[in-house]
Amino acid sequence: MSHDLLKRLGIDTDPRLHPKAGQPSVVTENPATGEPIATVALDDAAAYERQAAACVAAFASWRSVPAPVRGQLVRSIGDAFRVHKAELGELVSLEVGKIRAEGEGEIQEIIDIADFAVGLSRQLPGQVFPSERARHRIIEQWLPLGPVGVISAFNFPAAVWAWNAMLAAVCGDTVLWKPSLLAPLTAIACNRIAAKVAADMGHPGIFGLVIGADAEVGERMVADRRLPLISATGSCRMGKRVGRVVAERLGRCLLELGGNNAVIVTPDADLKLAIPAIVFGAVGTAGQRCTTTRRLIVHESLADDVCRRLAEAYKQVQGRIGDPLAAGTLVGPLINARAVEQFEHAIAQAKAQGGAVLAGGRRAPRPGHFVEPTIVRAPAGNRLPIAAEETFAPILYVLTYRTFGEALAIQNGVEQGLSSAIFSNNLLETEAFLAADGSGSDCGIANVNAGTSGAEIGGAFGGEKETGGGRESGSDSWKAYMRRQTTVVNYSGKLELAQGIRFE
Ligand code: NAD
């Protein structure tokens with residue numbers, strides 16, 4: 001089945017899938033079965049050099065293509081992804097275990113961001129400012145930045161690349177992508193589509209791909225002075241390392257790192273909205289989204305009722321764990337055996353810290369890397385240190401509060417600051433959550449009566465604190481992929497200095 005899929009995507013003959021004798025390689029596994037899918041050759045330093053040099057060379061001409069024409073190329077890429085959406089979605093499911101709807105959803109995100117980038121290609125607006133000098137004009141313009149290094153995490157093996165690559169392409173940049181070694185096939189398939197469209201339209205080299213070990217290829221990319229921007233998505237541990245190395249060379253970093261996202265449920269919440277949003281946020285993608293709901297902060301007056309309703313909903317979900325490609329499945333596997341161990345370790349810690357397991361708590365009894373979606377209620381006083389950590393698995397910690405201030409303090413009291421949500425119909429509370437002085441949620445994403453996960457591409461995506469501060473996707477995130485130039489044009493025919501300085 002998997003070979004047929006690789007064939008349909010045209011990557012079965014890719015040289016990377018046919019390593020030469022003695023060449024370092026990784027075996028990609030289907031996390032739903034533990035069975036191998038393919039062996040993928042790893043790039044070494046020399047291969048990295050070839051790819052990076054190609055991206056540098058392509059930038060020299062791509063930057064001069066007018067932005068709306070660059071947009072036409074991105075439009076064609078979006079169309080190519082429309083054609084291959086079902087197969088690519090299936091490949092995402094096969095390689096990282098997302099259920100079919102989410103696998104295809106990820107390809108839809110590529111299509112959406114391509115559309116967004118096409119529109120942007122007719123804008124990329126600069127500004128004009130008034131000059132203090134007569135017959136002078138101050139113009140701020142945005143210029144292509146250079147080849148961009150994109151490092152992606154396993155859990156969004158396609159969309160994260162596209163968020164970066166489609167914007168970078170219309171901005172006039174070229175892209176060198178280093179995917180996770182847990183999802184190289186999706187990267188090969190997606191990059192092949194984009195690179196083919198670009199080559200067919202006379203622009204080879206815009207989309208480069210390197211697949212290799214962090215020490216051999218990742219570190220090399222991060223330290224590469226030819227890449228003015230490194231956009232890295234993954235764990236906080238990785239971001240701290242990448243941030244340091246890029247800062248050392250005074251390069252630019254766009255960091256999209258871990259989250260520990262919470263939902264606050266107040267006494268005025270509509271539980272008909274809150275419960276399904278919490279279940280989707282905590283259980284969707286088997287808890288392996290950066291925006292997964294990991295903490296529920298519920299008013300003490302509702303806590304028992306909310307826990308009972310959630311436990312009831314989880315009972316239904318436990319019966320829908322299984323093959324991610326089968327109809328009706330809601331929960332696929334974790335990515336690998338190590339992730340299952342981390343899940344078990346977190347549950348053991350939670351129990352040792354006095355947490356009560358209200359649902360799930362065990363690995364699921366089937367082949368592959370499946371676990372049961374789990375709810376853990378914290379002991380009185382919310383003393384549950386494990387809840388401050390991001391365990392990449394479907395574990396929801398329930399914490400309780402008395403005053404709204406307490407709820408906010410719990411919500412903000414973790415190292416990460418990615419996504420947050422409040423369920424309430426009390427205007428004073430919802431506005432306090434979004435307060436204009438910044439005293440509400442400290443996250444990059446703050447939703448009212450909508451859950452923590454499932455962002456659209458229209459807004460800027462990213463988070464604060466140890467989430468890294470980067471913004472990708474919509475709004476003005478494109479500015480990260482361009483360099484700003486302030487220019488003064490003097491059409492007075494006289495030389496006049498600013499601040500009235502006379503230098504005669
Ligand atoms: P990871 O940190 O293990 O790996 C992410 C990527 O970084 C991989 O491509 C990896 O090879 C690369 N990498 C690691 N060390 C490197 C180094 N020294 N130099 C260069 N590259 C290096 O993360 P993961 O397990 O793949 O993904 C899960 C994590 O990603 C979670 O913490 C999740 O919250 C986070 N994530 C964040 C976002 C976001 O937008 N904020 C999105 C998806 C995932």
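Side chains are part of it too, since the values below use all heavy atoms of this structure and drop only hydrogens, waters and symmetry mates. Just follow the structure's listing: the first ligand is 1, and inside any ligand the first atom is 1.
Below 4.0 Å from some heavy atom of Ile151 lie the following atoms of ligand 1, by number and element: 6 (C), 7 (O), 9 (O), 12 (C), 20 (C), 21 (N). Ligand 1 places these atoms under 4.0 Å from at least one heavy atom of Pro179: 9 (O). Set against the non-hydrogen atoms of Arg241, the atoms of ligand 1 under 4.0 Å away are 18 (N).
Scanning the protein for heavy atoms near atom 23 (O) of ligand 1, the closest one is Ser235 N, 3.5 Å. Closest protein heavy atom to atom 44 (C) of ligand 1: Asn155 OD1, 3.1 Å. Looking at atom 11 (O) of ligand 1, its nearest protein heavy atom turns out to be Asp214 OD1, 2.6 Å. Scanning all protein heavy atoms for the shortest distance to atom 8 (C) of ligand 1 gives Ser152 O, 3.3 Å. Ranking protein heavy atoms by distance to atom 3 (O) of ligand 1, first place goes to Arg237 NH2, 3.8 Å. Looking only at heavy atoms of the protein, atom 32 (O) of ligand 1 is closest to Glu390 OE1, 2.7 Å. What sits closest to atom 36 (N) of ligand 1 on the protein, heavy atoms only, is Cys290 CB, 3.6 Å. At the shortest separation from atom 28 (C) of ligand 1 among protein heavy atoms lies Phe392 CE2, 3.7 Å.
Within 4.0 Å of atom 26 (O) of ligand 1, at least one protein heavy atom is present.
For the pair Phe154 and ligand 1, the shortest N or O to N or O distance falls below 3.5 Å. Checking only distances, Lys178 does come within under 3.5 Å of ligand 1, N or O to N or O. For ligand 1, the polar-atom distance check finds an N/O of Glu219 within less than 3.5 Å of one of the ligand's N/O atoms.
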(message) Between Asp442 and Lys465, does the salt bridge (charged side-chain N to carboxylate O under 4.0 Å, His left out) criterion hold? Intermediate values first, please.
(response) CA-CA 9 Å; Asp442 65 1; Lys465 303 194 291 185; 2.6 Å; yes
(request) Show your working on side-chain hydrogen bond (donor to acceptor under 3.5 Å, both in side chains) between Asn260 and Glu415 and close with a plain yes or no. (result) CA-CA 8 Å; Asn260 189 345; Glu415 302 295 344; over 6 Å; no
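Within a 6.0 Å sphere centred on CZ of Arg366, heavy atoms belonging to other residues, nucleotides or ligands number more than 12.
Applying the ring-ring contact (aromatic ring centres under 6.0 Å, His included) test between Trp478 and each of Trp163, Trp142, Phe116 identifies Trp142 as the sole match.
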